[in-house]
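Input: a single structure, listed below in structure tokens.
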Amino acid sequence: MRIADLCTRVVVSTQATVSVRDAAEAMRQHHVGALVVVEKPNGERIPVGVVTDRDIVMAVVATGGNPDKLTLGQIMSRPVVTCTESEGLFAAILTMREHGVRRLPVLNAKGGLAGMVSADDIYGALGAQMVDLGEALTREETREMQERR
């Protein structure tokens, strides 16, 4: 299974100059747990950082930082760990494991932001595959019983 087949295509992106408060409000408004910080040098949204709700808690709330004065550029995770649309599911899992991340921005052939894949997306895809495998085993048992009558 390719990442292109299971990633979320609508990704909320923003710029590094946005305040942490504005970013948190955008997360709430769009019901997302992460924003991709991008630059647009040639019209493509090129990821330069990622900010998660956990980043905001750990870097701002827990330290008593001012979310109105801090910008995403000051707290975003970088370099950005990404994958491409053409990568397989297991390659994305290995990337997540290697870098200790739960989300990967997905890049198109031009290096622009094409989607986002999360651990939850992968769990769902693997779960569906396990259900399919279970159904195959059940059908095999049924077929064997019918043939041996």
Side-chain angles (χ1 to χ4, degrees), residues 1-140:
M1 178 176 292
R2 291 178 337 129
I3 292 302
D5 299 326
L6 65 113
C7 70
T8 301
R9 293 295 180 165
V10 178
V11 181
V12 182
S13 64
T14 190
Q15 297 178 329
T17 56
V18 169
S19 75
V20 171
R21 180 173 310 281
D22 288 343
E25 288 174 3
M27 287 178 176
R28 182 176 182 204
Q29 177 185 0
H30 295 285
H31 306 286
V32 297
L35 299 175
V36 180
V37 180
V38 298
E39 292 178 354
K40 299 177 185 177
N42 298 318
E44 290 282 338
R45 295 183 301 167
I46 306 298
V48 295
V50 173
V51 175
T52 67
D53 46 9
R54 182 174 172 81
D55 292 331
I56 292 172
V57 168
M58 301 301 282
V60 182
V61 177
T63 62
N66 185 335
D68 292 311
K69 295 194 188 246
L70 290 169
T71 66
L72 294 186
Q74 294 171 291
I75 70 163
M76 67 185 184
S77 297
R78 60 182 149 204
V80 183
V81 180
T82 64
C83 65
T84 63
E85 293 177 293
S86 62
E87 282 185 45
L89 178 67
F90 294 109
I93 292 170
L94 290 175
T95 299
M96 287 178 171
R97 183 182 75 191
E98 181 179 325
H99 295 279
V101 296
R102 295 179 40 84
R103 298 174 181 96
L104 295 173
V106 179
L107 304 181
N108 62 27
K110 296 179 182 178
L113 185 62
M116 179 82 91
V117 66
S118 70
D120 290 344
D121 297 328
I122 292 172
Y123 287 136
L126 291 174
Q129 295 297 314
M130 296 303 290
V131 168
D132 288 346
L133 181 59
E135 288 177 7
L137 296 174
T138 301
R139 287 183 181 164
E140 178 186 36

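Only this structure's heavy atoms are used, side chains among them; waters, hydrogens and symmetry mates stay out.
- Judged as a side chain to side chain donor-acceptor pair (under 3.5 Å), and not counting sequence neighbours, the contacts of D68 are R21.
- Scored by the side-chain contact (heavy atoms from CB on, under 4.5 Å) test, L126 finds L89, F90, I93, I122 as partners (sequence neighbours excluded).
- T84 meets the side chain to side chain donor-acceptor pair (under 3.5 Å) test with S86; sequence neighbours excluded.
- Within 6.0 Å of atom CD in Q15, 12 or fewer heavy atoms from other residues, nucleotides or ligands are found, so the atom counts as exposed in its surroundings.
- The salt bridge (charged side-chain N to carboxylate O under 4.0 Å, His left out) pairs that include a residue from residues 52-65 number zero, where partners must be two or more places apart or lie in different chains.
- The side-chain contact (heavy atoms from CB on, under 4.5 Å) test applied to P41 returns E39, I46, not counting sequence neighbours.
- Contact annotation: the side chain of T52 never approaches that of R102 to less than 4.5 Å [non-hydrogen atoms, C-beta and beyond].
- In this structure V57 satisfies the side-chain contact (heavy atoms from CB on, under 4.5 Å) test with no other residue, sequence neighbours excluded.
- Here the closest non-hydrogen pair linking P105 and V80 is CG-CG1, 3.8 Å.
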Pair I56-M27, side chain to side chain contact (heavy atoms under 4.5 Å, CB included): steps then yes or no: CA-CA 11 Å; I56 292 172; M27 287 178 176; 4.0 Å; yes
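- Every residue two or more places apart in sequence or in another chain that forms a side-chain contact (heavy atoms from CB on, under 4.5 Å) with A125 is listed here: M1, L6.
- Going from atom OG1 of T14 over to atom CG of L35 covers 6.5 Å, rounded to the nearest 0.5 Å.
- Residue-environment remark: CG (N42) stays at or below the threshold of 12 foreign heavy atoms within 6.0 Å.
- A pairwise comparison of heavy atoms in P47 and L107 identifies CG-CD2, 3.6 Å as the closest pair.
- Remark: R45 engages S13 in a side chain to side chain donor-acceptor pair (under 3.5 Å) (not counting sequence neighbours).
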Determine all donor-acceptor pairs shorter than 3.5 Å in which one atom belongs to a side chain in residues 110-120; sequence neighbours excluded.
from: S118; atom 1: OG; to: D120; atom 2: N; distance (Å): 3.3
from: S118; atom 1: OG; to: D121; atom 2: N; distance (Å): 3.1
from: S118; atom 1: OG; to: D121; atom 2: OD2; distance (Å): 3.2

Residues L104, C83; criterion side chain to side chain contact (heavy atoms under 4.5 Å, CB included); working and verdict: CA-CA 6 Å; L104 295 173; C83 65; 4.0 Å; yes
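- In this structure, the side chain to side chain donor-acceptor pair (under 3.5 Å) partners of E85, at least two apart in sequence or on a different chain, are R9.
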Counting only pairs under 3.5 Å, give me each side-chain donor-acceptor contact of residues 70-77, with atom names and distances, residues two or more places apart or in other chains.
from: T71; atom 1: OG1; to: Q74; atom 2: OE1; distance (Å): 3.3
from: Q74; atom 1: OE1; to: T71; atom 2: N; distance (Å): 2.7

